[in-house]
K.L.:
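Got a structure for you, questions after.
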Amino acid sequence: MAQEKKFVEAITPMNEDFAQWYTDIVKKADLVEYSSVKGCMIVRPYGYAIWELIQKELDRRFKETGHENVYMPMFIPESLLQKEKEHVEGFAPEVAWVTHGGSERLAERLCVRPTSETLFCDHYANIVQSYRDLPKLYNQWCSVVRWEKTTRPFLRSVEFLWQEGHTVHATAEEAQEETLRMLNTYASFCEDYLAIPVIKGQKTEKEKFAGAKATYTIESLMHDGKALQSGTSHNFGDGFARAFGIQYLDKENKLQYAHQTSWGVSTRLIGAIIMVHGDDSGLVLPPRVAPIQVVIVPVSQHVEGVLDKAYELKERLSRFCRVKLDDSDKMPGWKFSEYEMRGVPLRLEVGPKDIQKNQVVLVKRENREKIFVSMDELEARIPQVLDEIQASLYNKALAHRESRTFKATTLDEMENILNTTQGFIKAMWCGDEACEKAVKERMAATARCIPFEQEKISDHCVCCGKEAKHMLYWGRAY
RNA sequence: CGAGGUGUAGCGCAGUUGGUAGCGCGCUUGGUUUGGGACCAAGAUGCCGGGGGUUCGAGUCCUCUCACCUCGACCA
């Protein structure tokens, strides 16, 4: 489409200014509104509906694997937060504190949870006594607060919605199994539901979660070639258990420390959807997380019979998909643009000509492809077309990631890639943190992960030239 | 926390050497329209971010302050 006509004037083209494009979409698609509190966002109905679809499916998968939902307090006493040393140090700089209740100063200040490890641990110490009590597989849906300096809707806000799973196990093996199980749950969810391909791997020591033994991650690549950490799963070993005294008696009547995991994804996933699938006309939603899967736009709706037919179609479609009929008196062209901006995967046009031919016009959001379908075949065709779109979005995202994944054997090569195309860079690493830091300082790129799928690019570390231990994915990240 | 930018109607903006506020979009009403953001007519909407100053007079000048945005250092 060389001479593609620009239908939507309100959105900054992504090649011109990607950051502005992102901000435009978030606002023009009615996902969020900025709030009166710096760095916080008002999630509007359309944005929240996407979150609800994400929640619904993830929650189903969590329950299917034996997890139970709980709710922990929003406040953490300072003394509790400080029990695990590395953990506090990691979070201290971005914690918000409550110092007063009404007009009285609190004896001990309370932290607004930035994450709930300490609360779960404190609770687990109370309820775990015997190996018979294990495992405990808890999850909570809540919001957390991190006093960020630079904020962007969905990607980084002071308060954000997420889910945090916290589990306790008898053995290290079980904890490790759980850590990877949940990482896989996230990975398949992203790929099947959000149509976002991910790289699974382990974080380096430098990048891992404060207090964890090991952190695993799914990394995805945005349209502009920057990486986004899309979900993490941590194995805590028995570190937190030792700090909080979570012990149980095993079958031999010996006192043992428990092993723990935690894992989370947040509304950041919505940012990923925007930046992976969106285009210059606006948002593009994969059908499975689209609050509206099909929008019906009547044409010449003043003509006798058109609206009646539209209502009838809405009724029929609502039995098998999420459908909206826009019967407002806006021009059809206006509606086309509006729902493209909002990323509705499929548009159904129906007008006098269609009624005469007993057909409707389906138009795919992703490429504006028109499909003429007989009115008698909607139940069969629409779900099929939605599936095609879902698959096509995934394939496009995968192709894009592949086209933006490079190999490098020298720092010059890496830097050149980062300064020109930008994307994931596969390069060898000796395992020394000094090299990781050197790369970061020189080109502002971080080690995204040590992928499970290893590949030998060369024998030597890209930085120091010593013998390489792992292949890493590098990139600039959000 | 560093560097830059912006605050005037719901949104986007204009506002000259200082003279008491305007345009576009949107909104309301009526009519004509409807296959890619229609048109005509008539309306409604302002603590000019906030405080203090200069002045006969401040959206405009000075000063302090607050908020937000963007880009960097740290983080889901």
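Given the structure is predicted, the values throughout are model-derived calculations rather than measurements.
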K.L.:
When all nucleic acid strands are considered with a 4.0 Å heavy-atom cut-off, which category describes A/Glu349: base, sugar-phosphate, or nothing?
P.N.:
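The answer is base, as A/Glu349 lies within the cut-off (heavy atoms under 4.0 Å) of a base atom.
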
K.L.:
May I ask you to verify if any side-chain N or O of A/Lys330 is less than 4.0 angstrom from the OP1 or OP2 atom of B/C27?
P.N.:
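The answer is yes; a side-chain N or O of A/Lys330 sits under 4.0 Å from OP1 or OP2.
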
K.L.:
Can you tell me how far C1' of B/G35 sits from CD1 of A/Ile296, to the nearest Å?
P.N.:
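Going from CD1 in A/Ile296 over to C1' in B/G35 covers 16 Å.
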
K.L.:
Atom CD of A/Glu441 to atom C1' of B/C74: distance rounded to whole Å?
P.N.:
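Taking atom C1' of B/C74 as the reference, CD of A/Glu441 is at 13 Å.
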
K.L.:
Would you check if the side chain of A/Arg401 reaches a backbone N or O of A/Gly423 as a donor-acceptor pair within less than 3.5 Å?
P.N.:
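Between the backbone of A/Gly423 and the side chain of A/Arg401 there is no qualifying donor-acceptor contact (under 3.5 Å).
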
K.L.:
What integer distance in Å separates A/Asn419:CG from B/G72:P?
P.N.:
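Rounded to whole Å, this separation is 13 Å.
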
K.L.:
In whole angstrom, give me the gap between the C1' atoms of B/U29 and B/A44.
P.N.:
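To the nearest whole Å, 11 Å.
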
K.L.:
Do the side chain of A/Arg156 and the base of B/C75 come within less than 3.5 angstrom through a donor-acceptor pair of N or O atoms?
P.N.:
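When only heavy-atom distances are counted, A/Arg156 does reach the base of B/C75 through a donor-acceptor pair under 3.5 Å.
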
K.L.:
Does a side-chain N-to-carboxylate-O contact under 4.0 Å join A/Lys437 and A/Glu441?
P.N.:
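Looking at A/Lys437 and A/Glu441, the cut-off is not met.
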
K.L.:
With respect to the side chain of A/Ala444, which nucleotide from B/C71, B/A76, B/A73 is positioned closest?
P.N.:
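Closest nucleotide among those given: B/A73.
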
K.L.:
Taking B/G49 as the reference, what is the distance to B/C13 when you measure between their P atoms (whole Å, please)?
P.N.:
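14 Å, rounded to whole Å.
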
K.L.:
Just to be sure I understand the rule, does A/Asp354 reach a base, reach only the sugar-phosphate, or reach nothing, if contact means heavy atoms closer than 4.0 Å?
P.N.:
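If one applies the 4.0 Å heavy-atom cut-off, A/Asp354 turns out to touch a base.
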
K.L.:
A/Ser328 near the nucleic acid: base, sugar-phosphate alone, or nothing, with a heavy-atom cut-off under 4.0 Å?
P.N.:
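No contact.
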
K.L.:
For A/Phe336 and A/Glu94, find the nucleotide of RNA chain B closest to each by heavy atoms; which residue's nucleotide sits nearer the 5' end?
P.N.:
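Closer to the 5' end of RNA chain B: A/Phe336.
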
K.L.:
Rounding to a whole Å, what distance do you find between A/Glu33:CD and B/A67:C1'?
P.N.:
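One finds 15 Å between C1' of B/A67 and CD of A/Glu33, rounded.
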
K.L.:
Would you say A/Thr23 places a side-chain N or O within less than 4.0 Å of OP1 or OP2 belonging to B/U70?
P.N.:
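For B/U70, OP1 or OP2 has a side-chain N or O of A/Thr23 closer than 4.0 Å.
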
K.L.:
Can you check the distance between B/G24 and B/G15, where both ends of the measurement are the C1' atom (answer in whole Å)?
P.N.:
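Here B/G24 and B/G15 have their C1' atoms 15 Å from each other.
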
K.L.:
State whether A/Glu415 and A/Arg442 are salt-bridged, where the test is any N-O pair (Lys NZ or Arg NE/NH1/NH2 against Asp/Glu carboxylate O) under 4.0 Å.
P.N.:
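Looking at A/Arg442 together with A/Glu415, the answer is yes, because their closest N to O distance falls below 4.0 Å.
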
K.L.:
Report yes if the ring of A/Phe160 lies under 5.5 Å from the six-membered base ring of B/A76 with planes under 30°, and no otherwise.
P.N.:
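Stacked: ring centres under 5.5 Å, planes under 30°.
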
K.L.:
On a whole-Å scale, what distance lies between the C1' atoms belonging to B/U8 and B/A67?
P.N.:
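My reading of the C1' atoms in B/U8 and B/A67 gives 16 Å.
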
K.L.:
Could you check whether A/Pro352 gets within reach of a base, just the sugar-phosphate, or nothing at all, counting any heavy atom under 4.0 Å?
P.N.:
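Base: the residue A/Pro352, judged by heavy atoms under 4.0 Å, touches a nucleobase.
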
K.L.:
Taking the six-membered ring for Trp, are A/Phe62 and A/Trp263 closer than 6.0 Å centroid to centroid?
P.N.:
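Centroid separation for A/Phe62 and A/Trp263: below 6.0 Å.
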
K.L.:
Indicate whether the side chain of A/Ser230 and that of A/Glu219 have a donor and an acceptor atom separated by less than 3.5 Å.
P.N.:
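Their side chains do not contain a donor-acceptor pair, so the 3.5 Å distance test is not met.
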
K.L.:
Tell me whether A/Asp192 is salt-bridged to A/Arg288, with the criterion being a basic N under 4.0 Å from an acidic carboxylate O.
P.N.:
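Result for this pair is no, no salt bridge flagged.
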
K.L.:
Take atom CZ of A/Arg152 and atom P of B/A76, then tell me their distance rounded to the nearest Å.
P.N.:
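For the pair A/Arg152 CZ and B/A76 P, the rounded distance is 17 Å.
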
K.L.:
By a 5.5 angstrom centroid cut-off and a 30 degree plane limit, is there stacking between A/His302 and B/U33?
P.N.:
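Stack criterion not met.
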
K.L.:
Going by atom types only, do A/Ser188 and A/Arg61 share a side-chain donor-acceptor pair under 3.5 Å?
P.N.:
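A/Arg61 and A/Ser188 do have a side-chain donor-acceptor pair below 3.5 Å.
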
K.L.:
Are A/Tyr124 and A/His166 close enough that their ring centres sit under 6.0 Å apart?
P.N.:
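No - the distance between ring centres of A/Tyr124 and A/His166 does not fall below the 6.0 Å cut-off.
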
K.L.:
Any idea which of B/A76, B/U33, B/G72 is nearest the A/Ser266 side chain?
P.N.:
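Between B/A76, B/U33, B/G72, the one nearest the side chain of A/Ser266 would be B/A76.
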
K.L.:
Contact class for A/Val297 (heavy atom, under 4.0 Å): base, sugar-phosphate, or nothing?
P.N.:
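Nothing, no heavy atom under 4.0 Å.
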
K.L.:
What is the distance from CD1 of A/Ile196 to P of B/A76, rounded to the nearest Å?
P.N.:
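Atom CD1 in A/Ile196 sits about 18 Å away from atom P in B/A76.
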
K.L.:
Using a strict threshold of under 4.0 Å (side-chain N to carboxylate O), is an ion pair present between A/Lys56 and A/Glu52?
P.N.:
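Answer for the salt bridge query: no.
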
K.L.:
Which residue lies toward the 5' end of RNA chain B, A/Pro332 or A/Tyr478, if each is placed at its nearest nucleotide?
P.N.:
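Residue closer to the 5' terminus by nearest nucleotide: A/Pro332.
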
K.L.:
Using whole Å, what does the distance between atom P of nucleotide B/G36 and atom CG of A/Asp326 come to?
P.N.:
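To the nearest whole Å, that distance equals 16 Å.
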
K.L.:
Quick one: which of B/G36, B/G35, B/A76 gets closest to the side chain of A/Val361?
P.N.:
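For the A/Val361 side chain, the nearest candidate turns out to be B/G35.
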
K.L.:
Would you indicate what A/Phe154 reaches in the nucleic acid, counting non-hydrogen atoms under 4.0 angstrom: base, sugar-phosphate, or nothing?
P.N.:
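Result for A/Phe154 = base.
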
K.L.:
Please evaluate the base of B/G35 for a donor-acceptor partner in the side chain of A/Arg347 within a cut-off of under 3.5 Å?
P.N.:
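Side chain to base: no pair present.
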
K.L.:
Taking B/G59 as the reference, what is the distance to B/A9 when you measure between their P atoms (whole Å, please)?
P.N.:
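Rounded to whole Å, the distance is 14 Å.
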
K.L.:
Under 3.5 Å, is there a donor on one side chain and an acceptor on the other for A/Ser281 and A/Arg368?
P.N.:
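Result is yes, a qualifying pair exists.
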
K.L.:
Please tell me if A/Lys440 has a side-chain N or O lying less than 4.0 Å from either OP1 or OP2 of B/C74.
P.N.:
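True: A/Lys440 side-chain N/O within range (under 4.0 Å) of B/C74 OP1/OP2.
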
K.L.:
Distance between the C1' atoms of B/G18 and B/C48, in whole angstroms?
P.N.:
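So the two C1' atoms sit 15 Å from each other.
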
K.L.:
In whole Å, what is the span from the NZ atom of A/Lys335 to the C1' atom of B/U33?
P.N.:
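Distance check: A/Lys335 NZ to B/U33 C1' gives 13 Å.
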
K.L.:
Looking for any heavy atom pair under 4.0 Å, which part of the strands does A/Lys353 touch: base, sugar-phosphate only, or nothing?
P.N.:
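Base, at least one base heavy atom under 4.0 Å.
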
K.L.:
Pick base, sugar-phosphate or nothing for A/Gly351, based on heavy-atom distances below 4.0 Å to the nucleic acid.
P.N.:
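If one applies the 4.0 Å heavy-atom cut-off, A/Gly351 turns out to touch a base.
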
K.L.:
If you measure from the P atom in B/U54 to the same atom in B/A73, how many Å do you get, rounded?
P.N.:
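The same atom, P, in both gives a distance of 46 Å.
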
K.L.:
Measuring from the side chain of A/Thr151 (C-beta onward, heavy atoms only), which nucleotide among B/C69, B/A76, B/A73 has the closest atom?
P.N.:
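The closest nucleotide is B/C69.
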
K.L.:
Can you check the distance between B/U60 and B/A21, where both ends of the measurement are the C1' atom (answer in whole Å)?
P.N.:
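Pairwise C1' distance, B/U60 against B/A21, rounds to 12 Å.
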
K.L.:
Would you write the dot-bracket representation of RNA chain B, where each base gets (, ), [, ], | or . depending on whether it forms a Watson-Crick or G-U pair under 3.5 Å and with which partner?
P.N.:
(((((((..((((.....[..)))).((((((.....)))))).....(((((..]....))))))))))))....

